[in-house]
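These notes are about the structure you will find just below.
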Amino acid sequence: MLDTSLRGKKLPPHTFEVEKGRLRFFAKATGQSDPIYIDEEAARQAGYPSLPVPPTFFFCMGMESPHFMDFHNTLQLNMQRILHGEQSFIYHRMAFAGDTLTFEPEIADVYDKRNGALEFAVKATRVTNALGEHVADLREVIVQPGKVRPAGAGEQA
Amino acid sequence: MKLRDAQQGDRFTLPPVTVTRGMLALYAGASGDHHPIHIDLDAAKAAGFDDVFAHGMLSLAYVGRLLTDLAPQAHLRQLDARFMSITPIGAIVACTADVTEVEQQADGRHLTLALKAVDEATGDVRIAGTAKFIV
């Protein structure tokens with residue numbers, strides 16, 4: 001069973017410098033041909049300072065932390081059996097190549113379902129830019145198989 | 001902007017994408033997610049799978065493309081997704097967005113869209129979710 005006392009535990013933050021080349025690579029890898037995401041002149045004509053960070057790339061930047069495995073190690077997740085169950089983003093303002101973004105993660109929740117057969121760990125991350133402006137909120141749910149509790153050992157839908 | 005005059009019941013789609021091994025390699029590099037289960041056949045087999053499989057986030061990136069096709073990205077306020085099943089090599093990922101709610105508020109039209117990424121090779125739903133825009 002995952003340790004429920006870890007709910008609310010803050011994890012080390014990290015910063016990430018958004019680079020044009022990386023965003024262009026991400027556009028290529030995801031089949032994005034909209035010039036706004038590739039060509040800085042097109043981005044500027046659309047009113048942006050540079051190439052915009054596309055909606056799902058915030059998750060990728062969240063992984064680029066020297067402390068990325070703290071979430072998994074703290075919870076002792078089974079790296080061979082975990083799956084990405086859910087992912088959410090709340091967008092407050094756009095981010096662009098040239099920005100330096102700060103990611104502040106925490107273990108938001110830990111729970112299980114089906115009497116322990118499935119275990120869930122939730123990481124919530126607050127993203128801000130160099131001006132301290134709130135850029136986005138990320139929420140990911142990681143799921144892994146657990147040990148079913150013996151009969152009579154307790155609830156859990 | 002496709003969402004400017006969108007009404008409840010409108011459906012928007014992205015041309016389907018066939019997921020290849022090469023695309024997994026590129027996405028692993030670009031996304032920074034190098035988990036061996038997506039790129040190393042030996043590791044995938046050791047973990048009990050027949051083959052490597054795609055990152056759920058690759059299909060969600062296709063959903064993201066559909067969304068930024070519908071309106072300039074600043075109008076997208078929220079994206080929620082559940083990964084319903086693993087996307088295998090050879091999946092034909094077809095993304096759809098259906099307008100389920102339109103509400104005029106003081107700060108603009110609030111639209112809610114139901115999202116799906118369906119694997120046309122098998123009929124399985126890979127991603128189900130919701131997006132919210134203010135236009």
Side-chain angles (χ1 to χ4, degrees), chain A residues 16 19 21-34 36-37 43 46-48 51-65 68-69 72 78-96 135-145, chain B residues 14-19 22-38 43-44 46-49 53 55-69 72-86 93 95 127-134:
Chain A
F16 183 81
E19 296 169 334
R22 181 67 180 274
L23 293 183
R24 288 193 182 108
F25 186 16
F26 190 78
K28 175 177 176 160
T30 57
Q32 177 58 278
S33 57
D34 183 340
I36 285 173
Y37 292 95
Y48 300 135
L51 304 182
V53 171
T56 63
F57 192 68
F58 289 97
F59 174 82
C60 306
M61 296 188 287
M63 287 188 73
E64 298 267 357
S65 167
F68 175 69
M69 291 304 295
H72 305 75
N78 182 347
M79 291 312 292
Q80 286 211 320
R81 301 301 306 280
I82 54 167
L83 288 174
H84 193 173
E86 298 174 36
Q87 183 64 43
S88 295
F89 304 87
I90 298 175
Y91 303 105
H92 299 284
R93 65 184 353 99
M94 302 272 293
F96 305 94
V135 173
D137 296 303
L138 320 182
R139 181 183 169 86
E140 75 184 73
V141 180
I142 301 299
V143 54
Q144 68 179 24
Chain B
L14 200 71
V17 182
T18 301
V19 175
M23 289 162 65
L24 258 59
L26 271 186
Y27 186 76
S31 67
D33 185 349
H34 307 155
H35 195 297
I37 213 91
H38 302 301
F49 294 93
F53 56 87
H55 311 67
M57 291 302 296
L58 174 57
S59 292
L60 194 59
Y62 300 146
V63 173
R65 263 208 285 132
L66 172 57
L67 298 179
T68 57
D69 282 354
Q73 191 178 324
H75 295 279
L76 176 63
R77 314 313 308 169
Q78 191 165 335
L79 170 57
D80 298 301
R82 291 187 323 277
F83 299 109
M84 309 298 288
S85 57
I86 284 166
V93 180
C95 300
I127 296 177
T130 315
K132 292 188 199 282
F133 287 85
I134 303 176

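In what follows, chains are A, B, ... by sequence order, proteins preceding strands, each numbered from 1.
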Legend entry - chain B contact via Y37(A) - side chain, backbone, both or neither, heavy atoms under 4.5 Å: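 Contact with chain B: side chain only.
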Legend entry - R77(B) atom CZ, neighbour heavy-atom count above 12 within 6.0 Å: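 Yes, the 6.0 Å shell around CZ holds more than 12 heavy atoms from other groups.
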Would you mind telling me which of [options] has the largest number of heavy-atom pairs within less than 4.5 Å of chain B?
options: D34(A), I36(A), I90(A), V143(A); result: I90(A)
options: H92(A), R24(A), R22(A), Q80(A); result: R22(A)
options: M63(A), M61(A), E64(A), R81(A); result: M63(A)

Inset, instruction - Could you verify whether a donor N or O on one side chain and an acceptor N or O on the other, from Y48(A) and Q73(B), lie under 3.5 Å apart? - result: no
Pairs of donor and acceptor atoms involving the side chains of residues 52-60 of chain A, under 3.5 Å and at least two apart or interchain, shall be tabulated with distances.
none

Within this structure, what is the [atom1]-[atom2] distance for the pair [X] and [Y], rounded to the nearest 0.5 Å?
X: L76(B); Y: M94(A); atom1: CG; atom2: CE; result: 9.5 Å
X: Q87(A); Y: R82(B); atom1: CD; atom2: CZ; result: 14.0 Å
X: Q78(B); Y: F89(A); atom1: CD; atom2: CZ; result: 11.5 Å

Contact winner vs chain A - [options], heavy-atom pairs under 4.5 Å:
options: D80(B), L24(B), L79(B), V63(B); value: L79(B)
options: A81(B), P72(B), A47(B); value: A81(B)
options: K132(B), R65(B), H55(B); value: R65(B)

Legend entry - Where A61(B) and T30(A) come nearest, the two heavy atoms and their spacing: CB-CG2, 3.5 Å
What part of [X] lies closer than 4.5 angstrom to a heavy atom of chain A: side chain, backbone, both or neither?
X: L67(B); result: neither
X: Y62(B); result: side chain
X: H35(B); result: side chain

Inset, instruction - For R93(A), enumerate each residue passing the salt bridge (Lys or Arg N to Asp or Glu O under 4.0 Å) test, keeping only those at least two apart in sequence or located in another chain. - result: E133(A)
